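A quick write-up on the structure given underneath.
All values derive from a computational prediction rather than experimental measurement.
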Amino acid sequence: MKFWKENESLCWKHQYETVKITPWGRNALRVRTTKYPNFTDRNWALEESIPDTSADVSIEIAEDARTDAAITNGRLCIRVDGSGIMTFYRDGQKFLKEYHRDYDQPSCPESRCLRVRGREYKAISGGDYAVKLRFESNDGEKIYGMGQYQQPYLDLKGCALELAQRNSQISVPFAVSSLGYGFLWNHPGVGSVVFGKNYTEWEAKAAKQTDYWITVDDTPAKILENYTEVTGRTPVMSEELLGLWQCKLRYRTQEEVLGVARKYKELGIPLDVIVIDFFHWTRQGDWKFDKDYWPDPKAMCDELHAMGTKVVVSVWPTVDKKSENFWEMQDRGLLIQTEHGSNQTYEFQGDCLTIDLTNPEAQEYLWEKCRKNYRDYGIDMFWLDNAEPDYSAYDFENYRYQLGHALEVSSLYPKLYVKTFFEQTKAPSLARCGWAGSQKYASLLWSGDVPSTFESLRDQISAGLNMGLAGIPWWTTDIGGFMTDDVADADFRELLLRWFEFAVFSPILRMHGDRGPHDIPPLSDKEWGGGSLFTGQPNELWNHSHTA
């Protein structure tokens, strides 16, 4: 094993593994390890320009270049011993160390015959590696952040978390420790993390390298400042969007939307935003209003704007095989591929595939459809639903994107979905999912299709706080939860009132939910189109006045 300096990086190689530690922002270092000949050129979440910290960087290598080395950037130092085990220091005080239980270092107090190392690579036949990274655990440490998980735990110490995107689960793999450090797992694929009592273990199901970024500072706010400096800062939300957002499942016609807005105006209740939900379209993947029920979208938008109300329209990334756009997209390779079995990724109200938004050509295609069929009519913003993307089965090993296999890249999808619209509109998008760095594209995340229960309300408090500590401040929920069997139930009425009280102090106040029972007849007996699908019970403020 031999250490060397490469520009401002500390590098070493031992047998088949190469390690590179690079200064990356204030009081921060990026660590990459691989068994390939070279590192990839992917920065993933670390896309922002790096501030010059060269004056704070030092590298020490022992005289024989084999026994030990250290790299320091400001207040953070990583020391490496002759076996390649890393120990982390903040202002000279140890706060983290790689977990090592092997007998190759007899002088080490952690030496054991278990043959467990801090960095583990298991080859995938014919492909990359499944990798694990282990650290010693610290008694008394508290861990926060990591995005949104449907559980009551704010402190994640002791929790096992899946690193994957699902409806109501948002994996943003940035953790903030009570010991004064922040840790980013810079891998957008599928994996897991266990913040165990005995050790911490990060896992990627498929990767070419391990890649993580670590920073230290005095407070969580300063740690987040360091983090967003290298992953992107959140744009300021316009004050015009900080009032009431009105939504339900689902406004079926142009007149329904206008009628609701006119009633708010009549009652003197300011309505900042009204949202047009799904199946206002003809088929999934057509990305346009059904003219039978939305005959003049521009006139609708003009009237709403005159009342001071912005208009949001729902976009899904799913494409029905009967959509007018399907065969062109299939021919041009703009859809996510399946590795095995049937050519299908989604099956709600149609046999669907999902647009591959890791493909820049697919991003351009989707935006052009939405520009022509929505934006040009005056639609202000977009609701990017099913942004995980949602799958009929979360069999990640069965999907392939242009950017790579789903096991390697799928968590990046919601970030690229929002980026597609932000780069054209510079406006926020309401989205059901995100990843590290989504904040710089004005992502307004919400907590997904959560049940209408007091247990779920409790979970949203932890979810929202941990989302903010993962660097994404704009977050909201469906007031009252999404899934309600009986809107007249007394328990639900109490829940709705308490949830509204919580939502008033959330970043965005948004009425939404599927209010049962589904006993409202559809507008059409056709098997497709905007009149064919069910709708929920009314969900405007005056419909719930009995809860006051």
_Is the positively charged end of Arg510 above the ring of Trp383, judged by distance under 6.0 angstrom from the centroid and angle within 45° of the axis?_
yes
*Would you say the ring centroid of Trp435 lies under 6.0 angstrom from that of Trp44?*
no
*Criterion side-chain hydrogen bond (donor to acceptor under 3.5 Å, both in side chains) on Ser137 and Asn198, from CA distance to verdict*: CA-CA 6 Å; Ser137 181; Asn198 53 340; over 6 Å; no
*Could you name each residue pair satisfying side-chain hydrogen bond (donor to acceptor under 3.5 Å, both in side chains) that touches residues 466-477, not counting sequence neighbours?*
Gln148-Trp475, Thr477-Trp499
All N/O donor-acceptor pairs, side-chain side in residues 160-173, below 3.5 Å, sequence neighbours left out:
unit_1, atom_1, unit_2, atom_2, d
Glu162, OE1, Arg166, NE, 2.8
Glu162, OE1, Gln169, NE2, 3.0
Glu162, OE2, Arg166, NH2, 3.1
Gln165, OE1, Ser171, N, 2.7
Gln165, NE2, Ser171, O, 3.4
Gln165, NE2, Ser411, O, 3.2
Gln165, NE2, Gly434, O, 3.0
Asn167, OD1, Asp449, N, 3.2
Asn167, ND2, Asp449, OD2, 3.1
Gln169, NE2, Ala164, O, 2.7

*Which class fits the ring pair Trp281 and Phe279: parallel under 30°, tilted 30 to 60°, perpendicular over 60°?*
tilted
*Would one find more than 12 heavy atoms of other residues, nucleotides or ligands at under 6.0 Å from atom OH of Tyr153?*
no
*asked:* Tell me every residue that passes ring pair (Phe, Tyr, Trp, His ring centres under 6.0 Å) with Phe95, counting only those two or more places apart in sequence or in another chain.
replied: Tyr181
*Kindly determine whether Ile479 and Phe502 satisfy side chain to side chain contact (heavy atoms under 4.5 Å, CB included), including the steps that lead there.*
CA-CA 9 Å; Ile479 294 176; Phe502 163 67; over 6 Å; no
*Of the options Tyr413, Tyr399, Phe348, which is the one that meets Tyr391 in a ring pair (Phe, Tyr, Trp, His ring centres under 6.0 Å)?*
Tyr399
*Got a sec, which residues hit side chain to side chain contact (heavy atoms under 4.5 Å, CB included) with Asp380, two or more places apart in sequence or on another chain?*
His305, Lys310, Val311
*Verify whether one side chain among Asn43 and Arg30 offers a donor that lies under 3.5 Å from an acceptor in the other.*
yes
*In terms of side-chain heavy atoms, does Thr338 have a donor or acceptor partner in Asn398 at a distance below 3.5 Å?*
no
*asked:* Given 3.5 Å as the limit, does a donor-acceptor pair link the side chain of Ser192 with the main chain of Glu203, or not?
replied: no
_One pair to check against side-chain hydrogen bond (donor to acceptor under 3.5 Å, both in side chains): Tyr346 and Asn386. What are the steps and the verdict?_
CA-CA 10 Å; Tyr346 193 68; Asn386 290 24; 3.2 Å; yes
_Residues forming a ring pair (Phe, Tyr, Trp, His ring centres under 6.0 Å) with Phe482, sequence neighbours excluded_ = His512
_Criterion side chain to side chain donor-acceptor pair (under 3.5 Å) against Asp351, the qualifying member of Gln344, Lys322, Gln284_ = Gln344
*Locate the shortest heavy-atom distance separating Ala431 from Val418; write the atom from each residue and the value.*
CB-CG2, 3.8 Å
_Is it the case that the ring center of Trp367 lies less than 6.0 angstrom away from the ring center of Tyr374?_
no
_Sequence-distant partners of Asn325, side chain to side chain donor-acceptor pair (under 3.5 Å), two or more places apart_ = Tyr365, Lys369
_Shortest non-hydrogen contact between Ala406 and Val190, atoms and distance_ = O-CG2, 3.9 Å
*Taking only residues two or more places apart in sequence or in another chain, which ones pass side chain to side chain contact (heavy atoms under 4.5 Å, CB included) with Glu408?*
Asp128, Ala206, Lys208
_Taking ring pair (Phe, Tyr, Trp, His ring centres under 6.0 Å) as the definition, give me every residue that meets it alongside Tyr199, ordered by chain and number, with sequence neighbours left out._
Tyr99
*Which of parallel (below 30°), tilted (30 to 60°) and perpendicular (above 60°) describes Trp213 and Tyr227?*
tilted
_Partners passing side chain to side chain donor-acceptor pair (under 3.5 Å) against Glu47 (at least two apart in sequence or in another chain)_ = Lys415, Lys440
*What is the minimum heavy-atom distance between Val409 and Gly404, and which atoms define it?*
CG2-O, 3.7 Å
*ring pair (Phe, Tyr, Trp, His ring centres under 6.0 Å) with Phe534: which residues, sequence neighbours excluded?*
His518
_Whether the Gln150 and Gln460 side chains hold a donor-acceptor pair (N or O, under 3.5 Å, no angle test) is what I'd like checked._
yes
*Just one of Asp211, Thr210, Thr18 clears the side chain to side chain donor-acceptor pair (under 3.5 Å) bar with Thr33, so which one?*
Thr210
*Taking all heavy atoms of Asp385 and all of Ser314, pick out the closest pair and write down the distance.*
CB-OG, 4.2 Å
*Between Phe88 and Phe135, what is the ring plane arrangement, given parallel below 30°, perpendicular above 60°, and tilted in between?*
perpendicular
*For residues Gly536 and Asp514, report the shortest heavy-atom separation together with the two atoms involved.*
CA-OD1, 4.0 Å
_Pair Thr228, Glu48: side-chain N/O donor-acceptor within cut-off below 3.5 Å_ = no
_Flag for Thr354-Thr345: side-chain donor and acceptor within less than 3.5 Å_ = yes
*Tell me, please, which residues at least two apart from Tyr212 pass side chain to side chain donor-acceptor pair (under 3.5 Å).*
none
*Could you walk me through whether Lys13 and Val19 pass side chain to side chain contact (heavy atoms under 4.5 Å, CB included), step by step?*
CA-CA 6 Å; Lys13 186 170 182 178; Val19 181; over 6 Å; no
_Residues forming a salt bridge (Lys or Arg N to Asp or Glu O under 4.0 Å) with Arg400, sequence neighbours excluded_ = Glu339
*Could you pull out the closest heavy-atom pair between Ser452 and Thr484, with the gap in Å?*
OG-OG1, 2.9 Å
